Each structure stands twice: as C-alpha cells, then as structure tokens.
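To start, the structure under review is shown below, and the notes come after it.
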Amino acid sequence: MNIYNYYLKKISNLIKDKSKDLGLSELNGLKNINLETPPKNFDYDLSSNLCLVFGKNNNLNPLDLANKIKSLLLEKITDFKEIEVAGPGFINIRLSEKALISIINEIFNNEEQFGSKKDNFSYNIEFVSANPTGPMHIGHCRGAIFGDVLSNLLEFNGNKVTREYYINDYGNQIKNFVKSVYLRIREIKYKEKFIDEKDLYPGNYIKEIAQKIIKKNQSNFKSFEKNYEILSQESLKYSMEMIKSDLKKLGISHDSFISEKTIVNSNTVDKAVNKLKNNNYVEEGYLDPPKGEEQKNWKKTKRLLFKSVLFGDDINRALKKNDGSWTYFANDLAYHFDKVSRNYDRLINILGADHTGYIKRIQGAVNALSDNKVNLECKVCQLVKLFKKGSPFKMSKRSGDFITVSDLLSEVNKDSIRFMMLNRSNDVELDFDFDKVLEKSKENPVFYVQYCHARIQSILRLINYNLNEKKVINESKIGFNKFEKEIIRKLFEWPKIIKISSDKYEPHRIPFYLYELSTLFHSYWSKGNEDNNYKFVTNGKIERPSVLIIMNLILIVLKSGMKILNVALPNKM
RNA sequence: GCGUUCGUAGCUCAACUGGAUAGAGCGUCUGACUUCGGAUCAGAAGGUUGAGGGUUCAAAUCCUUCCGGGCGCACCA
C-alpha cells in the first residue's frame, strides 16, 4: 500500500467536494499537489504542498488557506491526528496510532508483495548483447546487472519481462574472429606463427577454442574457406558458452537469444526496409564525410538512407554499404522490426556509454516501424573504472587486453559486484574499488545491509522467535517511540521507491534505500547501549511489542529489496 | 566543430523528478564496549550546488549563455 497515494486521493476528493467552502474556484493545480515524507526535523508522517499550489492558483494567502484546510482535514479524515501549518504554507500531518497499526497490518498481510505496483505489462528488455567474439569484460558487467535488476524490479511489480540477448553473429567482426580461431588452429597443428594483425583477436581464449575444435573435428584445416561454416559455428558456440557461463556466475540468465544471422537470413531486413519505403522514411542520398578526424578513404556516393533526421537524429543513416550489402544498422533495424512484431507493451534497450550516439536512429527506427505506436526506451550505463588502493587498476591480461568478468569474479563475489554496480546512478561513471568491496565494514554498503539483516536474525534466534508465525497486531495501542516512528516512516516510503525506480528505470535507488534503512536500524539498536530503556532484549525476551514489529517490517523490506537485487541475505556472518 | 552526458562538502556520491534549514559515507577532530552482534553508534567541523542570466510563491532540479570532464560522431559492430 502506497500511503501517499492513498491519502492524497482522500485529500483531493475532500477538497473537490468542499472547494466552495474553501473559496477555491480553480482546481487545475490538483495534479501538482504532492504528499510526501516531511524533512527529517519534522516529527510528522506526511507533508503536502497543496496550500501553496492552490493559494497561488486562486490568489489566496496560502497560510489562511492552510488553516482552513487543516480544520477540514482533522474533521473529515479520522486517520489524521494532528496537523501543523509550517513554513510558507506546508501542512504536516501526523497519523493516529490506529491508522499506523492498520497500515502495518496491511504490510504484514502483503509480506513480500508490499510495495509492488501490481502492474501487468509485458516488457522486452535487451541487455548485454556483447559480441560473441570473446569473454565478457568489465564494461558489459554493469549493463548486465542493470538490465537484470531492472527486469527483477519490473517483475516484482507484476509485469512479464523477457530478458533478451541479441547475438551479433554476423559481419566482419565475426569473420575476423573465426579467422583468428583458424590461425590459432594452424598454429597448434602446423606450428605456423600467429600474426597479430590489427583486426584479429589474439587472446588466449582463442587458443582454447582452437584446441576444443581440433579435438572434436577430424578435418586437417588446410583451407579456411572450406572449413568456414563449421569453424564459425563451433567458435560462436564456445564463445556464447563463455558469455553465458559468466552471466550465470553473476546470477543472470536471459529468456531469449536472437541471432543477427537468423534475422538476416530470414529476409526480415527486406521486409523492414520495405515497410519504411512504403511510409516514405527512406531515400537515396549522399552523406557528408564524418566530422572530427580527417577521413582519407571517404568517397561520396549515393546510398540508401533511413531518414532518421525526422526523429531528431543529426544526419540520415546509411542502410546499405558501398558494396550493396546491408549495414549493421539495417540488420539491427530488422531485429527491432521483429521485436515490434512480437507485440510487447514496452521495449527497453540497455546500452553502454559508447553507444549513446546510436540511440536516436534506433528509436526513430522503432517509431517508424511501428507506425509511431511503440517507443523504445534506451538506458545508457556509463563506464566502470577499477580502483585498487585508491589508484586506477588494470587487471591481468590473461584473456586479451581487457578486464574480464571472470577475472573480476575470481577476486570478488557476485553479491558484492551486483550491489556495487548498482550503487550509483547509471548515467554517472562508477568507481569500482576492490579494497572497498572486500572490506567488512560500513565502507562496504553490501556488507552493511547484510549485517543489519544478520543482526536482526541473531536477535530473533536469541529469543527463539518463530519466523513463520503469522504477524498481525491485535493491540489497539502500541506506543511507538521516536526511533521506531522514524523507521516506520522510512518503511512507508518503500512503495514509493519502487514506483520511482521502475517508472524511471532507475534501480540504483534500491541499494541506496536499503542502506538508509539499515542505518536507521543500527542507530536504534545502538541506543540500547547507552540507555537500558531502549535495549531490545532483557532476560532473553523482548518485552516491547513495538520492537518485534519493527524488526519484522524491516525483514520484509530487506528481503524484497535484496531479492530484486539478487544479492544474498545471510542469517549469520 | 556537432551531438550527448555529467559538474553538489577535501574525496566518492544522494537529494522522493520544482518544495521547507541541500543530506550520507570516507577523511579530519571528539566521544561510547563488565550483559542484546562495537563488523556498530553518538557528536563536531566542512557548501555561493562550476559561473552568469532567466522562469516560479518556491530552482541543485526547468530555460539560456559560457567554463570544465566523460562518451560518441564509419560503409565497423
């Protein structure tokens, strides 16, 4: 239950009913009024700007209006126990304990569902989509976790999510990759020296793939061309196995793998381009040479272009290469045509920072291909910088000249990686500090949140508490103290955090929130060290019911939160 | 040059998407363990939110002009 929405609705309806009495003729501002938790220093549960908004719209003094509304609310909404008018015209509301208890009981009833928006949309989220030419590197890792947690979050809200991986198994990079494998095979079989040309892949993993292929196949591998089909099939297979295995270790598994090659071979490109042609989104035209660096090989030729300018792109984009074959973009466009045809409610792509410039054309393409019915949302994950002992760090180059996910996983566990990768907004660069992530202290947010959970579990063990018992408050009066009230207010915000995170596709708010919640608990707990009245356990028992209530509530939220993040929540540490 | 994104305390970042006295962690300084997990907690200091202008009752947040950093600017993928 989102109490802000709940009470906001009550208040709005009341104001609509009583607008004449209040002297309000202009109710347009209704959508601008909000209800939220007041700033820290105010000992109230709710706060609203409504008098400021309506005061302005109706040319009334907000303070006068606030006083009128105050009496109205107190009279009509029994859940409101006290109201103060503060600052320029905010109203702060304190809920009755009865109301608090009934909200809490509702949370206990909902348990893991507490906070869920109970939506019912179908999503397709494309993420990772790393080229199958080698193992995953650190850059992919952030987007992978982001996409996975966003998926979990949307599922938590009742949606159906397809996690999709687009395999770029077509084109020159793949040819070079397969050629690299071939040359390594020749190296192993015939002691031919592997010449490290610019477009080839030298990494050790290529040797491993070569070994596997040799073992499995009788061919003498004399001819590259004759063996190409089997080579490419096998190389791609091993490459994807590597990637899938890395993803699995990170706790990620995709529901759907779509191959570029299959898209190309199925004529989808022609279909998609025809669709664009019919709607006049395509033209034959010329492109200017690219700005920035000097281009030596630039030839001005007439080419088939997608009019992405119509969708806000800088220039129109080529669909065909000079040799008449389709561009990567044309294939991708076809892939998105396929996506559109699968009728999802919403499409999301998670991209790396280096693909920012690509967004407008592909969004334009989706608009054009869906007759402007489908929007593609693109979320960009900025770079990850690795640090060790405070300075930038380059990891082993065992697998090529990049830092791989397996390297990372050999030093840091999956839970820490996941939490840390999300502990920052996706559009900000992220410093990933090895020392911090391995530390068992407050500096390591994963640990801090896990510790909060372990501590609660430990207390419950101490009193032999039965966690499976149905929780419900039967008392009509509990008498929450100020620490507990603060925690309860924080807990009430959980549905709101979920809402914002999922509406804006910003899952990083969840780790932040969990950390803050943990802080409140640790703080409350420690109060018992200086003041016996605040001790949780006396003589092996918890005597204040409020303490048990708080701990159970925190457990509910920690569990759903960490489940969304897919990070472990140990009972003991 | 164009596009995009970011700029908040000494450092790393939040700020409920326009609200009240801009908050955390680290670092610095001071304090708290004979009993519930001190792997923690309490307190202090630290800010012209890069700069200027504008919109608004209200701006870190929106608009605008600069300044600075990242990323991108192929017929690659």
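The chains referred to below are lettered A, B, ... by the order of the sequence lines, with proteins before strands, and numbering in each begins at 1. This structure is a prediction, so every number in the text was calculated from the model and none was measured.
Between the C1' atom of B/C13 and the OH atom of A/Tyr448 lies a distance of 16 Å, rounded to the nearest Å. Put simply, CD on A/Gln173 is 4 Å from C1' on B/A77, counting in whole angstrom units. We find that CD of A/Glu36 is positioned 7 Å from C1' of B/G19, with the value rounded to whole Å. Look at CG on A/Asn331: it is 13 Å from C1' on B/C76, rounded to the nearest Å. Rounded to an integer number of Å, the gap from CG of A/Asp354 to C1' of B/U5 is 14 Å. Rounded to whole Å, atom P of B/G3 lies 15 Å from atom CG of A/Asp288. Taking atom CD on A/Gln382 and atom P on B/U12, their separation rounds to 16 Å, with Å as the unit. Atom C1' of nucleotide B/C33 and atom CH2 of A/Trp525 are separated by 13 Å, given to the nearest angstrom.
Atom NZ of A/Lys490 sits in a crowded spot, with more than 12 heavy atoms from other residues, nucleotides or ligands closer than 6.0 Å.
Considering only side-chain N and O atoms, A/Lys40 lies nowhere under 4.0 angstrom from the phosphate OP1 or OP2 of B/A22. Contact check, A/Ser523 against B/A42: a side-chain N or O comes under 4.0 Å of OP1 or OP2. A/Arg509 has a side-chain polar atom (N or O) that falls below the 4.0 Å cut-off from OP1 or OP2 of B/A15. Contact annotation: A/Lys360 reaches the phosphate of B/U4 (side-chain N/O to OP1 or OP2, under 4.0 Å). A/Thr356 has no side-chain polar atom (N or O) that falls below the 4.0 Å cut-off from OP1 or OP2 of B/G72. Phosphate contact (OP1/OP2 of B/C16, side-chain N/O of A/Asn34, threshold under 4.0 Å): absent. At least one side-chain nitrogen or oxygen of A/Arg455 sits closer than 4.0 Å to the OP1 or OP2 atom of B/G38.
Of the candidates B/U21, B/G37, B/C75, the closest approach to any side-chain atom of A/Asn41 belongs to B/U21. Distances from the side chain of A/Asn529 to the nucleotides B/A20, B/C76, B/G38 place B/G38 closest. Between B/C76, B/A77, B/G37, one nucleotide has an atom nearer to the side chain of A/Thr327 than all others, and that is B/C76. Each of B/C16, B/G38, B/C75 was ranked by its minimum atom distance to the side chain of A/Arg303; first place goes to B/C75. Here the side chain of A/Leu52 is nearest to one of B/A20, B/G19, B/A15, namely B/G19.
Of the possible polar contacts, none joining the A/Asn58 side chain to the A/Leu24 backbone as a donor-acceptor pair under 3.5 Å is found.
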